[in-house]
Every structure is written in C-alpha cells, then in structure tokens.
Trainee: 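Got a structure for you, written out below as structure tokens; questions coming shortly.
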Amino acid sequence: MNGRFGGRRAVVTGAATGIGAAIARRLADEGAHVVVADIDAQGAGEIAREIGGTAVKLDVTDPAAVHAALGGEPFDVLVNNAGIDDWGWFTDVTPQRWRRLLAVNVEGTFACTQAVLPGMQRAGYGRIVTVSSEAGRIGSKGDAVYAAAKAAVIGFTKSIARENARFGITANCVAPGPTETPMVQSIREKDGKVLAAMIAGTQLNRLGTTGEIAAGVAFLAAPEASYVTAETLGVSGGMGLGA
Ligand SMILES: NC(=O)c1ccc[n+]([C@@H]2O[C@H](COP(=O)([O-])OP(=O)(O)OC[C@H]3O[C@@H](n4cnc5c(N)ncnc54)[C@H](O)[C@@H]3O)[C@@H](O)[C@H]2O)c1
C-alpha cells in the first residue's frame, strides 16, 4: 500500500457525511483501511463502498455497542468525529437537550477512546484525533452547551495524551471553524444571520471545506506526527484569534 497510512487500520466515527466522510476519504486515499462508523448505516455503507472500507452501524452514545464494535480489533488510528449541534439561546435549552448534546459529543468520545486504547497500548502505537471546535476555545453565541462539550474533549485529550505517551500513543484535537456540511446547513436554515456572524469571525472571511479539515486531521493521524501530542490544531481560517 502506498501513502502515509499504508497498512494502517483507522476508524472514523460520524463518517457517513460531512467532515467525517472527508476524513475517511483522505485516510483511504493515503492507504488506510478505514472503518466508517456512523449511526446512519446507509450513509456509512455508501462511503465504505466508495473508499473500499468497512461500514459499521454505531451509536457512539451506547458504550456497550461501541466496545462490541471497536474493542475486538486493533486500530492504529481513531478519529472521534461524530458530533451534533443544537443551536439555541441557553435560556431555552432543556436538560434533555443538553444531555443529548453531551452524550454524543463528550461521552461518545470517551466510549470510542476507551474501546480502542487497550489494543493501541498492546501494539505500542496509536494516533487519536478528536474533532473539537473553535467554539470550545472562544465560546459561541447560541451554542453554550456545544462549546462546553467541545472544551471538554480538549481537556480529555490532554489527559489521554499524558496517560498514554509511554505507549507510543498520541492524542490531539482539531478545532474546525465553520465548515460547509449538513450541520452548517441546518444553522443556515434556522438563522442565516448567525452563520454570517460565524463567517465574519474568521480572518479568511469564508466557510472552510471538509477537505481542509480532513487535511489537518490527517497530519495529526499520520505516523510522522510522532512529536505532536496534547495539541489542538485550529483549522478555522484564523477564528481562534477571536473578533
Ligand atoms: N461543520 C462545522 O462547521 C463544524 C465546526 C466545528 C466543529 N465541527 C465538528 O465536526 C464534526 C463533524 O461535523 P459535521 O459538520 O460533519 O456534522 P454532520 O452533522 O454533517 O455529520 C455528523 C455525522 O455524525 C453522525 N452522528 C450523529 N450522531 C451520532 C451518534 N450518536 N453515533 C454515531 N454517529 C453519529 C451523523 O449521522 C453524521 O453522519 C462534529 O464533531 C462537529 O461538532 C463541525
């Protein structure tokens, strides 16, 4: 196999569409065998067929199912990408809504990481990349719980990096800015002004593409990123500077 990921096995969660699908394509293009894991079985199947990978129907909020699906086989790369947003002013957010948001974005990351770590530790090698968000670093109007969830995975990642350095495992985050995906399309439909404000918050004054985010993830997931751990790489058109 050619490419940076030749002979490597990777699992990408939430890979049926959007950023996750772009990551799966990118890793496969560079030689990885990719497990396309998503709650959307049909979408996962389509991407897996396209890239010659394996589809797994997986709800990351179900730890037992995650362990059953990912715990048995060794992976070189885990990309925790599955995530949901639920835009709304915080005064309107119910406990039910915030629990769902935390369950997918935070607990899903815990479950997938816990499922693959023992195999990586035995192998003495691993790359864990978690898709956070600039919202987790600078906050975001109408996205308070989402921002909290994305900050949580950054703290989690730094701790996993500390615990697992001795096993040759790195753990890093990518913090995308607003990126053209179905998630952003739903924000556009709810309130176009909110999306315009997000775009204005970037220095490059545009949405990112899924391919641009995938390139950042691939860098951190590659064997050569061996001296990079506990970092959060902004792929956000300069949004991390703040307004
Ligand atoms: N699009 C953006 O502007 C943006 C910006 C910053 C961060 N992000 C983050 O990037 C990641 C991908 O976002 P996207 O825009 O591609 O989203 P998307 O909504 O387009 O795709 C998300 C994917 O995750 C899957 N998914 C949702 N819940 C799941 C669950 N419980 N188990 C398994 N899979 C599940 C969906 O089926 C879908 O395929 C998310 O973590 C998101 O928070 C996105």
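Counting starts at 1 for both ligands and their atoms, following the listed order. On a predicted model such as this, the values are computed, not experimentally measured, just so you know.
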Trainee: Given I213, which of N81, T181, V174 fulfils the side chain to side chain contact (heavy atoms under 4.5 Å, CB included) condition?
Mentor: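 Of all the options given, the one that passes is V174.
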Trainee: Yes or no: does D59 have any heavy atom under 4.0 Å from an atom of ligand 1?
Mentor: yes
Trainee: Please confirm whether G20 comes within less than 3.5 Å of ligand 1 when only nitrogen or oxygen atoms on both sides are compared.
Mentor: no
Trainee: As a check for students: among V66, I84, D38, identify the option with a heavy atom nearest to atom 39 (O) of ligand 1.
Mentor: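 Selected option, by shortest heavy-atom distance: D38.
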Trainee: Check if P178 has a non-hydrogen atom at a distance under 4.0 Å from any atom of ligand 1.
Mentor: yes
Trainee: Measuring from non-hydrogen atoms of K150 to any atom of ligand 1, is the shortest distance under 4.0 Å?
Mentor: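 Yes; K150 lies near enough to ligand 1 that a heavy-atom distance drops under 4.0 Å.
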Trainee: As a test of understanding, state which of E134, R137, E212 forms a side chain to side chain donor-acceptor pair (under 3.5 Å) with S236.
Mentor: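 Only one of E134, R137, E212 forms a side chain to side chain donor-acceptor pair (under 3.5 Å) with S236, namely E134.
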Trainee: Have Q96 and R99 got a donor and an acceptor in their side chains that come within less than 3.5 Å?
Mentor: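 No pair is found: no donor N or O on one side chain lies under 3.5 Å from an acceptor on the other.
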Trainee: Show me, pair by pair, the donor-acceptor contacts under 3.5 angstrom made by side chains of residues 101-113, not counting sequence neighbours?
Mentor:
from : atom 1 : to   : atom 2 : distance (Å)
N105 : OD1    : I84  : N      : 3.3
N105 : OD1    : K150 : NZ     : 3.4
N105 : ND2    : I84  : O      : 2.9
N105 : ND2    : L101 : O      : 2.9
T109 : OG1    : N105 : O      : 2.9
T113 : OG1    : N80  : ND2    : 3.1
T113 : OG1    : T109 : O      : 2.7

Trainee: Out of all atoms in ligand 1, which are within 4.0 Å of some heavy atom of V184? Include the element for each.
Mentor: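 In order of numbering, the contacting atoms are 1 (N), 2 (C), 3 (O).
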Trainee: With a cutoff of 4.0 Å, is A37 in contact with ligand 1, counting heavy atoms of the residue only?
Mentor: no
Trainee: Tell me which one of G83, A149, S132 gets a heavy atom nearest to atom 7 (C) of ligand 1.
Mentor: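 Shortest heavy-atom distance from atom 7 (C) of ligand 1: S132.
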Trainee: Using a 4.0 Å cutoff against the non-hydrogen atoms of A16, which atoms of ligand 1 qualify?
Mentor: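 Once the distances to A16 are compared, the set is 39 (O).
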Trainee: Hey, is T13 one of the residues with a heavy atom under 4.0 angstrom from ligand 1?
Mentor: no
Trainee: Do you know which two heavy atoms are closest between A147 and A135, and how far apart they sit?
Mentor: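 Nearest heavy atoms, A147 then A135: CB-O, 3.2 Å.
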Trainee: Does any N or O atom in N105 lie less than 3.5 angstrom from one in ligand 1, N or O only?
Mentor: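 No; every N/O pair is 3.5 Å or more apart.
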